Amino acid sequence: MSTSATILITGVTGFIGSHLAVLALQKGYKVIGSMRKLTRADSIRAAISKQATTDNLRFVEAELMDANAWDIATRGVDYVLHVASPFPTTLPKNDDEVVIPAREGVLNVLRAASSNGVKRVVLTSSSGAAMYGNRRQGTFTEEDWTNVNNLKDTSPYFRSKTIAEQAAWDFIK
């Protein structure tokens, strides 16, 4: 299959983002992968090239908090797969270290996509946005959210994913 459609994949350096890039390239899409620093471009290209041709792959540098970078990155893009989110390897000293970039990042991407005529944005969430702080089993729906005020049963990452997704839903409304 060949297509002229372009997909921006935020967080292409991560596990999910890099696998999405492989699948999109295999389907014939043009892929733009975002990363915080372009210094990782060669290693990510090499990893992706083991499973897909990278002729239609390019990278952009974009920090979640940089609205201008997202405006530039979404120009001429048909679809956005928003996967990027802060994922600390150690617990942050303050939730704001992950919550603010997660929330502002999703809003920056959505605003840029909207103003640049992107046809569709897919936001990658986490089960952590729905099932902690209240209960951990049963059937969850769009009405279920992790209780971000329950600090004993949630992590900063789960709180950031919850707050970011709620901000995205509010933006859509």
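Residues: numbered from 1 along the sequence shown. Predicted, not measured: the structure shown is a model, and the values here were computed from it.
- Heavy-atom neighbours of Arg75 CZ from other residues, nucleotides or ligands within 6.0 Å: above the threshold of 12.
- The closest side-chain heavy-atom distance from Val148 to Ile163 is below 4.5 Å.
- Between Pro86 and Glu97 the shortest side-chain heavy-atom distance does not fall below 4.5 Å.
- Partners of Phe171 by side chain to side chain contact (heavy atoms under 4.5 Å, CB included), not counting sequence neighbours, listed by chain and number: Leu107, Leu110, Arg111, Ser114.
- With sequence neighbours excluded, the residues satisfying salt bridge (charged side-chain N to carboxylate O under 4.0 Å, His left out) with Lys119 are Asp78.
- Between the side chain of Asn108 and the backbone N or O of Leu64 there is at least one donor-acceptor pair closer than 3.5 Å.
- In this structure Asp153 satisfies the side chain to side chain donor-acceptor pair (under 3.5 Å) test together with Arg136, sequence neighbours excluded.
- Separation of atoms NZ (Lys30) and OG (Ser4) is listed at 5.5 Å; rounding is to 0.5 Å.
- Under the rule for a salt bridge (charged side-chain N to carboxylate O under 4.0 Å, His left out), Asp66 has no partner lying at least two apart in sequence or in another chain.
- Using a 4.5 Å cut-off on side-chain heavy atoms (C-beta onward), Asn147 and Phe158 make no contact.
- By the 6.0 Å contact criterion, CG on Asp170 is enclosed, its count of non-hydrogen atoms from other residues, nucleotides or ligands being greater than 12.
- Two residues are said to be in side-chain contact when any heavy atoms from C-beta on lie closer than 4.5 Å; Val60 and Ile72 fail this criterion.
- With sequence neighbours left out, Thr154 forms a side chain to side chain donor-acceptor pair (under 3.5 Å) with Arg159.
- Residues satisfying the side chain to side chain donor-acceptor pair (under 3.5 Å) test with Arg45, not counting sequence neighbours, are none.
- For the pair Gln26 (side chain) and Ala52 (backbone), a donor-acceptor distance under 3.5 Å is absent.
- Ile48 is listed as a side-chain neighbour of Leu57, based on a closest heavy-atom distance under 4.5 Å.
- What you find for Tyr157 and Ser126 is that their closest heavy atoms are CE2-OG, 4.3 Å.
- At least one side-chain heavy atom of Val106 sits less than 4.5 Å from a side-chain heavy atom of Leu123.
- If you take CG on Leu81 and OH on Tyr29, they are separated by 9.5 Å, rounding to the nearest 0.5 Å.
- Contact annotation: the side chain of Asn134 never approaches that of Asp144 to less than 4.5 Å [non-hydrogen atoms, C-beta and beyond].
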